[in-house]
K.L.:
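One structure coming up, written as structure tokens, with questions to follow.
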Amino acid sequence: MTDTMEEGTVPGFPRQREVPPTFPRLVSVVIPARNTAAVIAGQLEGLSRQEYRGAWEVIVADNASTDDTAATAAAWAARLPGLRVMPAAARLGINYARNVGAAAAGGDFIVFCDADDVATPGWLRAMVGAARSAHVVGGHPDHVALNTARVRCWRPSVRQDGLPSVFGFLPYAVGASLGVRTEVFQRLGGFSEEYAGGGDDVEFCWRAQLASYTLGHAPDAVMCYRLRDRLWPLAKQGYGYGRSDAHLYRDFRPHGLPRLRAGAGFRSWGRLIRRLPELASRDRAGAWVYGAAWRCGRLMGSLRYRCSARDGIRCSAPGDGRPNTDVPHEGQRDRPRPQRCGDDWCPARCPQSPEL
């Protein structure tokens with residue numbers, strides 16, 4: 001590994017540590033779950049069809065569910081290796097549940113996924129394969145299998161050839177398909193429980209890379225990802241993402257995160273108002289709601305974390321409105337950088353179609 005600087009990394013970025021070539025002794029799949037009785041069986045069925053032939057276990061961290069999540073998960077014990085349902089009820093939050101599940105894990109490689117998604121048969125095998133050459137691994141979220149075309153238009157598209165990034169800074173692995181060596185997870189202190197509503201996977205992966213651990217991509221580790229298909233849950237998600245972006249900016253600006261454009265935020269509100277008629281369209285309403293909620297979340301986050309209210313997010317999206325996922329990282333150095341979409345306000349998670 002050389003010390004060559006890559007675009008999108010940090011000045012003074014330390015030499016990345018060598019990854020031991022050892023194959024994982026035991027893989028622990030951790031599923032944080034809260035009130036997911038209606039959907040978790042789909043994920044457990046997907047896991048029961050895995051092609052991975054090594055030793056592995058499944059841990060469901062039940063985050064104070066008030067439905068039958070725990071009983072529904074426990075019913076799969078005969079079909080899944082080492083399935084355990086662990087109580088994680090001391091406090092609410094996906095990151096608390098993840099950390100509880102990881103603490104109970106016996107494996108030397110931990111893979112996190114969500115209860116409402118569905119793993120494809122080759123998912124775990126591909127995640128383990130990528131772990132041979134990286135400390136932290138991100139799979140590929142598939143937005144097609146579980147979602148209608150209309151719902152997919154409300155959220156960003158997904159690229160096959162790389163990991164996503166935000167702020168033109170460092171790449172990250174989506175928390176719904178994220179693997180990490182147990183030793184690394186413990187040294188980093190797990191997921192930050194200060195992040196709620198979004199940004200937790202970004203924060204974890206950035207912290208790992210700043211500590212000189214490697215981040216790898218497993219494009220064949222396909223996880224069928226379930227998008228929000230109703231406007232209120234979609235708005236809550238957009239608000240959480242916007243708020244977490246301000247949190248990330250506060251925490252990582254001292255570590256080289258690029259300064260944001262002043263004044264772009266004001267222009268974005270004007271564009272939003274001009275597009276109010278889109279609320280009358282069933283196909284376009286979701287994208288408008290998501291964008292509006294993101295802006296509100298970012299405004300409130302800026303106040304909460306004392307970021308400048310004048311800052312806008314610099315978008316490096318291609319001309320089709322998709323978020324930029326081409327910030328170079330390991331294996332992507334020579335890929336040409338795409339053109340910006342031209343919309344200065346655009347969040348890195350901006351909806352792809354219709355473009356707000």
Side-chain angles (χ1 to χ4, degrees), residues 28-40 43-44 58-74 84-105 110-117 136 138 141 166 172-180 182 184-208 223 225-228 230 232-252 293-294 296-298 300-305 349:
S28 298
V29 177
V30 174
I31 309 174
R34 173 172 167 78
N35 294 336
T36 59
V39 293
I40 194 171
Q43 179 65 285
L44 296 175
V58 178
I59 299 170
V60 177
D62 182 17
N63 191 216
S65 296
T66 57
D67 63 3
D68 294 329
T69 293
T72 302
R84 288 180 284 156
V85 180
M86 302 296 301
R91 68 176 65 97
L92 298 182
I94 188 172
N95 295 313
Y96 174 72
R98 284 170 173 161
N99 290 338
V100 168
I110 305 173
V111 187
F112 296 93
C113 62
D114 290 344
D116 59 344
D117 299 331
V136 184
V166 290
Y172 69 95
V174 177
S177 183
L178 185 154
V180 56
T182 302
V184 173
F185 186 83
Q186 293 171 345
R187 287 180 177 176
L188 292 172
F191 284 94
S192 172
E193 295 172 23
E194 294 182 358
Y195 280 76
D200 43 84
D201 44 10
V202 182
E203 191 275 343
F204 179 83
C205 291
W206 284 2
R207 188 154 40 94
M223 177 66 69
Y225 185 85
R226 194 182 306 274
L227 299 171
R228 304 297 192 271
R230 291 179 295 140
W232 176 240
L234 181 70
K236 289 176 63 178
Q237 186 178 59
Y239 180 89
Y241 283 172
R243 193 172 186 274
S244 70
D245 281 352
H247 196 171
L248 288 166
Y249 185 79
R250 185 202 68 175
D251 287 354
F252 290 93
W294 179 89
C296 290
R298 190 180 185 283
M300 297 307 295
S302 296
L303 296 174
R304 169 66 177 81
Y305 301 111
R349 302 183 183 90

K.L.:
What are the two closest heavy atoms between A74 and V85, and how far apart are they?
P.N.:
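Smallest interatomic distance, heavy atoms only, reads N-CG2, 3.9 Å.
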K.L.:
Testing the basics here: between R34 and T69, what is the closest heavy-atom pair and its distance to 0.1 Å?
P.N.:
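Where R34 meets T69 most closely, the heavy atoms are C-OG1, 4.4 Å.
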K.L.:
Can you tell me how far apart CD1 (I31) and CZ (F112) are? Round to the nearest 0.5 Å.
P.N.:
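With rounding to 0.5 Å, CD1 (I31) is 11.5 Å from CZ (F112).
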K.L.:
Would you say the side-chain atoms of E203 pair up with the backbone N or O of L248, donor to acceptor, closer than 3.5 Å?
P.N.:
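Checked: no pair found.
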K.L.:
Any side-chain heavy-atom pair from P32 and N63 closer than 4.5 angstrom?
P.N.:
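No, side chains not in contact.
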K.L.:
Give the minimum heavy-atom separation between S192 and N95, together with the two atoms involved.
P.N.:
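Looking at all heavy atoms of both residues, the closest pair is O-ND2, 3.3 Å.
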K.L.:
Of all heavy-atom pairs between G175 and D201, which one has the smallest distance, and what is that distance?
P.N.:
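That would be N-OD2, 2.9 Å.
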K.L.:
Check the pair Y241, V202 against side-chain contact (heavy atoms from CB on, under 4.5 Å), reporting the backbone distance first and the verdict last.
P.N.:
CA-CA 11 Å; Y241 283 172; V202 182; over 6 Å; no
K.L.:
Taking Q43 for the side chain and D117 for the main chain, is one N or O donor matched with an acceptor at less than 3.5 Å?
P.N.:
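Side chain of Q43 to backbone of D117, a donor-acceptor pair under 3.5 Å: yes, one is there.
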K.L.:
Grab the two heavy atoms, one from A33 and one from V60, that are nearest each other, plus how far apart they are.
P.N.:
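Between these two residues, the closest heavy atoms are CB-CG1, 4.1 Å.
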K.L.:
Distance under 6.0 Å and angle within 45° of the ring axis: does R250 meet both against Y305?
P.N.:
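Relative to the ring axis of Y305, which defines the angle, R250 lies outside at least one limit.
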K.L.:
Under 6.0 Å from the CG atom of D251, do we count more than 12 heavy atoms belonging to anything else shown?
P.N.:
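Yes, the 6.0 Å shell around CG holds more than 12 heavy atoms from other groups.
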K.L.:
Working to the nearest 0.5 angstrom, can you tell me the gap between Y195 OH and I94 CD1?
P.N.:
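Going from the OH atom of Y195 to the CD1 atom of I94 covers 15.5 Å.
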K.L.:
Once you round to the nearest 0.5 Å, how far does SG of C205 lie from CG of L178?
P.N.:
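If we round to the nearest 0.5 Å, C205:SG and L178:CG are 5.0 Å apart.
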K.L.:
Output, in order, the C-alpha distance, side-chain angles, deciding distance and verdict of side-chain contact (heavy atoms from CB on, under 4.5 Å) for N99 and F185.
P.N.:
CA-CA 9 Å; N99 290 338; F185 186 83; 3.4 Å; yes
K.L.:
Who pairs with D62 by side-chain hydrogen bond (donor to acceptor under 3.5 Å, both in side chains), at least two apart in sequence or on another chain?
P.N.:
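For D62, the residues satisfying side-chain hydrogen bond (donor to acceptor under 3.5 Å, both in side chains) (neighbours in sequence not counted) are S65.
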K.L.:
Roughly how far, to the nearest 0.5 Å, is CG of D114 from CE of M223?
P.N.:
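Between atom CE of M223 and atom CG of D114 there are 8.0 Å.
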K.L.:
Applying side chain to side chain donor-acceptor pair (under 3.5 Å) to N35 and T66, what does each step give before you reach the verdict?
P.N.:
CA-CA 6 Å; N35 294 336; T66 57; 3.2 Å; yes
K.L.:
What are the two closest heavy atoms between Y96 and A90, and how far apart are they?
P.N.:
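The pair with the smallest heavy-atom distance is OH-CB, 3.0 Å.
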K.L.:
If you measure from OG on S244 to CH2 on W294, what distance do you get to the nearest 0.5 Å?
P.N.:
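So the gap between those two atoms works out to 10.0 Å.
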K.L.:
Measuring from D67:CG to T36:OG1, what's the distance to the nearest 0.5 Å?
P.N.:
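The CG atom of D67 sits 6.5 Å away from the OG1 atom of T36.
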K.L.:
What's the verdict on side-chain contact (heavy atoms from CB on, under 4.5 Å) for R98 and E193, showing C-alpha distance, side-chain angles and the deciding distance?
P.N.:
CA-CA 10 Å; R98 284 170 173 161; E193 295 172 23; over 6 Å; no
K.L.:
Checking the side chain of R298 only, and the main-chain atoms of A246 only, is there a donor and an acceptor separated by less than 3.5 Å?
P.N.:
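Looks like no, no N/O pair under 3.5 Å.
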K.L.:
Given 3.5 Å as the limit, does a donor-acceptor pair link the side chain of R84 with the main chain of A104, or not?
P.N.:
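Looks like yes, one N/O pair under 3.5 Å.
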